[in-house]
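Report on one structure; see the data block that follows.
A, B, ... follow the sequence lines: proteins, then strands. Residue 1 opens every chain. Only heavy atoms go into these numbers, but all of them, side chains included; no hydrogens, no water, no symmetry mates.
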Amino acid sequence: MTTIYLHNTLKRRKEEFKPIDASNVRMYVCGPTVYDRAHLGNAKTPVTFDVLYRLLRYVYGSAHVNYVSNITDVDDKILKKHQETGKPIREITEQTYQWYVDDMAKLNVLAPNHRPRATEYIGEMIELVKLLLANGHAYEAAGHVLFDVDSMPGYGSLSGRSMKEMLAGARIEVADYKKNPADFVLWKPSSPGQPGWDSPWGYGRPGWHLECSAMSSKLLGNSFDIHGGGADLIFPHHENECAQSLCAHPGEKFANYWVHSGMLMVDGVKMSKSLGNFYLIDEVLEKAPAEALRLLFLGTHYHQPFNFTFEGLAQSKAVLDKFYNALLRVKNVAAAPAEPDNRVVEALADDLNTPLAISYLHELSNNLNKAESPAEQARCKGELLASADLLGLLWQNAESWFKGGENDTDAEAVEAKIAERAAAKKNKDYALADKIRNELKEQGILLEDTPQGTTWKKA
RNA sequence: GGCCGGUUGGCAGAGUGGCUCAUGCAGAGGACUGCAAAUCCUUGUACAUCGGUUCAAUUCCGGUACCGGCCUCCA
């Protein structure tokens, strides 16, 4: 069996991945808060973990991997959106959720086994708070329930911070009811108009960190294998999740491997609305196919900061053109059943080295181009597709890759032009032939003469 | 102020204590083509900086510079 290595934030190094139960490998990844359309950063993390999910399924069998990614549908940002737009909260969260799922599908991100919504696990959250109060890790103050960080000796170990460091330069406004400024909210009161649920501490709503602890515990157990998310979540979100879960369930491990994906930047700096370099997924997908964005993400190791540029996006599109060209040539050859290239598997198993894996796809694509006999072509095609599938790439039909899209192309008209040009070529009227080719080129139709005749594709 | 991470050829981006070599894009030359396109072949250019360890460092260690991120909501 392939051995997977992962960079574990907890240990700050790469280590061998050993699941608690190889017949039930469990992974939890923090999903989005559904208050607005997903931006590029929201896309990068799920794509990263989608590759890990695919790898785990390949290694352990798809029936033996349980992947949970939550949806945060109760949050102050949602409340704010509600106040700004006047739209019902439910409408905001449902619409945003649908957008998110659609974006993920376009990016060929497999649906996790569960996408739990926070509002469906309020009961579990309340139980968790009760547990923490009962064992002395939480206290009530001014209508809130707070986690008592001083009650936990190891607090700060995930993010590598000591309490002193955290307080030294922190720009936190400290609520005066906190025993320690680092104490965080488990449950907070809601006013009558705000979303809330009845609880032993009155009408209120959960703190953000609590959601993930409650949902992961319910769906994956108190100890599971991998917990993922964006690197920005390490502190405070994951640190606090860790604290809650470990204190609520003494003796359990919570997550054994913490995997974090590097932050997305645009043109070398953090993507932010104030810098004017903030992009939503659907905005970017107007300029390039979703697969190009996916390939672009995977072209940089997940742990590194990822720099998005439109130049890079265009380049990824060109690379896919190359791959699909190779596939287009053998569109009539059925791919032979194949296993992924072992080097691709090994590259991914080595802490998801997707750039290295992609370099092998280039080699496989070259092999396919060079293959002459149908048997060889079938073998190479199968190998390329099986390998690419592990990365969630090359799932589209080669012909529709080049000819699909907005569907505004009149294929018959193009074919007629090609016939006209073929006649001109036969008469050695190359001026006319070139004229026709150039006219089509201006319409975004590229012609290619092959021994089997002329084919066309969209630019 | 504290804590992380990075600095590789024109660009993107892996990797490695010594070997002929990442890979891709772009560039150059060639094959094929009426000319192109696609494809194939050949090819140039690199490891921020200063020290240290070593027979040997782009790779390990330390300093410096620069860049980015986190410490508040954030994927």
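One can place CD of A:E363 at 15 Å from C1' of B:C40, the figure rounded to the nearest angstrom. Note: CD (A:Q304) to P (B:U8) measures 11 Å, nearest angstrom. B:G24 atom C1' lies 16 Å from atom NZ of A:K317, rounded to whole Å. Taking atom CE of residue A:M265 and atom P of nucleotide B:G69, one finds them 6 Å apart after rounding to whole Å. Atom pair A:L233:CG and B:G69:P shows a separation of 16 Å (rounding to whole Å applied). The nearest whole Å value for the distance from the CD atom in A:E372 to the P atom in B:U39 is 16 Å. In this structure, CZ of A:R12 is placed 8 Å from P of B:C4, rounded to the nearest angstrom. Counting to the nearest Å, the C1' atom of B:C41 and the NZ atom of A:K370 are 9 Å from each other.
Across B:C19 and B:G6, the matching C1' atoms stand 28 Å from one another, rounded to whole Å. As rounded to the nearest Å, B:A46 and B:G24 have C1' atoms that lie 16 Å from one another. Nucleotides B:C47 and B:C11, compared at atom C1', are 16 Å apart to the nearest Å. Rounded to the nearest Å, the gap between the P atom of B:C40 and that of B:G52 is 48 Å. As rounded to the nearest Å, B:A65 and B:A48 have C1' atoms that lie 8 Å from one another. Taking atom P in both B:C60 and B:A14, one finds a spacing of 16 Å when rounded to whole Å. Comparing the C1' positions of B:U64 and B:U7 gives a spacing of 13 Å, expressed to the nearest Å. A gap of 6 Å separates the C1' atoms of B:G17 and B:A57, to the nearest Å.
Base contact: A:K270 has a heavy atom under 4.0 Å from a base atom. As judged by a 4.0 angstrom heavy-atom cut-off over every strand, A:K44 is placed among residues making no nucleic acid contact. Residue contacts shown for A:G312 are absent, as no nucleic acid heavy atom lies under 4.0 Å away.
The salt bridge (charged side-chain N to carboxylate O under 4.0 Å, His left out) search around A:K426 returns none, not counting sequence neighbours. A:A255 is linked by a side chain to side chain contact (heavy atoms under 4.5 Å, CB included) to A:F224, A:H227, A:W258, counting only residues two or more places apart in sequence or in another chain. For A:E94, the salt bridge (charged side-chain N to carboxylate O under 4.0 Å, His left out) criterion is met by A:R90, A:R117, not counting sequence neighbours. Considering only residues two or more places apart in sequence or on other chains, A:Y97 meets the ring pair (Phe, Tyr, Trp, His ring centres under 6.0 Å) condition with none of them. Residues satisfying the salt bridge (charged side-chain N to carboxylate O under 4.0 Å, His left out) test with A:K87, not counting sequence neighbours, are none. For A:H362, the ring pair (Phe, Tyr, Trp, His ring centres under 6.0 Å) partners at least two apart in sequence or on another chain are A:F323. Every side chain to side chain contact (heavy atoms under 4.5 Å, CB included) that A:T33 has, sequence neighbours left out, goes to A:Y35, A:T72, A:D75, A:I78. When the ring pair (Phe, Tyr, Trp, His ring centres under 6.0 Å) test is applied to A:F49, no partner is found at least two apart in sequence or on another chain.
Between A:S261 and the phosphate of B:A75, there is no side-chain N or O to OP1/OP2 separation shorter than 4.0 Å. In this structure, A:N366 reaches the B:C40 phosphate: one of its side-chain N or O atoms is under 4.0 Å from OP1 or OP2. OP1 or OP2 of B:C40 has at least one side-chain nitrogen or oxygen of A:N369 nearer than 4.0 Å.
Checking B:A14, B:G69, B:C71 against every side-chain atom of A:H301, the shortest atom distance belongs to B:A14. With B:A75, B:U39, B:G69 as the choices, the nucleotide that has an atom nearest any side-chain atom of A:R329 turns out to be B:U39. Comparing B:G13, B:A75, B:C25 by their nearest atom to the side chain of A:D232 picks out B:A75. Nearest to the side-chain atoms of A:N325 among the listed nucleotides B:U39, B:G68, B:A14 stands B:U39.
Formation of a donor-acceptor pair under 3.5 Å by the A:S217 side chain with backbone atoms of A:A214 is not found in this model.
Crowding of A:K80 atom NZ: a count of heavy atoms from other residues, nucleotides or ligands under 6.0 Å not exceeding 12.
Sequence order on RNA chain B of the closest nucleotides to A:H39 and A:A318 puts A:A318 first from the 5' end.
Here the two rings, on A:Y5 and A:F17, have centers that are 6.0 Å apart or farther.
Residues of residues 354-362 of chain A that place a heavy atom closer than 4.0 Å to RNA chain B, in numerical order, are A:P355, A:L356, A:S359, A:H362.
A:K322 is listed as a side-chain neighbour of A:N366, based on a closest heavy-atom distance under 4.5 Å. Between A:H301 and A:L356, the closest side-chain pair of non-hydrogen atoms is not below 4.5 Å.
Remark: RNA chain B takes part in the stems B:1-7 with B:65-71, B:10-12 with B:23-25, B:27-31 with B:39-43, B:48-52 with B:60-64, each of 3 or more antiparallel Watson-Crick or G-U pairs, criterion distances under 3.5 Å.
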Can you build the contact string for nucleotides 30-37 of chain B? Use B for base contact, S for sugar-phosphate-only contact, and - for no protein heavy atom under 4.0 Å.
----BBBB
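Applying the ring pair (Phe, Tyr, Trp, His ring centres under 6.0 Å) rule to pairs touching residues 415-440 of chain A yields nothing, sequence neighbours excluded.
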